[in-house]
Amino acid sequence: MTELDELQRRMHATYGERDRRRGIPATVAWLAEEVGELARAARKGTRDDQLHELGDTLAWLASLANQLGLSLDDAFARYANGCPRCGSTPCTCRE
Ligand SMILES: [Zn+2]
């Protein structure tokens, strides 16, 4: 089992029932809010703030993947062999 699988299993065990009740639109709203908090922390937060918001964002992303019935591992596969556009590591696409 990968660590991404482990994350999804942990989130399912901890919040699966609540996630089902909340539904996908509310989960997307919470994820967006957490990304906003992460953006703020990245700009002017402490390292602790940044770590906290990275954790919350990752948790909400895993909850959304669970509710969609999708695997973050499968999602990561898009980048597993380098840049999905040029196929290189590091990316050689024009910026
Ligand atoms: Zn590229």
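Both ligands and their constituent atoms are indexed starting at 1 by order of listing. Numbers here are sequence positions counted from 1. Just so it is clear, the values below take in all heavy atoms, side chains as well, and ignore hydrogens, waters and symmetry mates.
With 3.5 Å as the limit, one finds a donor-acceptor pair spanning the side chains of D49 and T46. The closest side-chain donor-acceptor pair between D56 and H52 falls under 3.5 angstrom.
Within the 4.5 Å cutoff, the side chain of E53 has heavy atoms near those of the E34 side chain.
Under 2.8 Å from the Zn ion (ligand 1), one finds the following protein N/O/S atoms: C83 SG, C86 SG, C91 SG, C93 SG.
Contacts classified as side chain to side chain donor-acceptor pair (under 3.5 Å) and involving residues 76-94 (residues at least two apart or in different chains) are not found.
At a threshold of 4.0 Å, the pair E6-R9 does not count as salt-bridged, since none of the basic side-chain nitrogens sits closer than that to a carboxylate oxygen.
Within 6.0 Å of CD on E17 lie more than 12 heavy atoms contributed by other residues, nucleotides or ligands.
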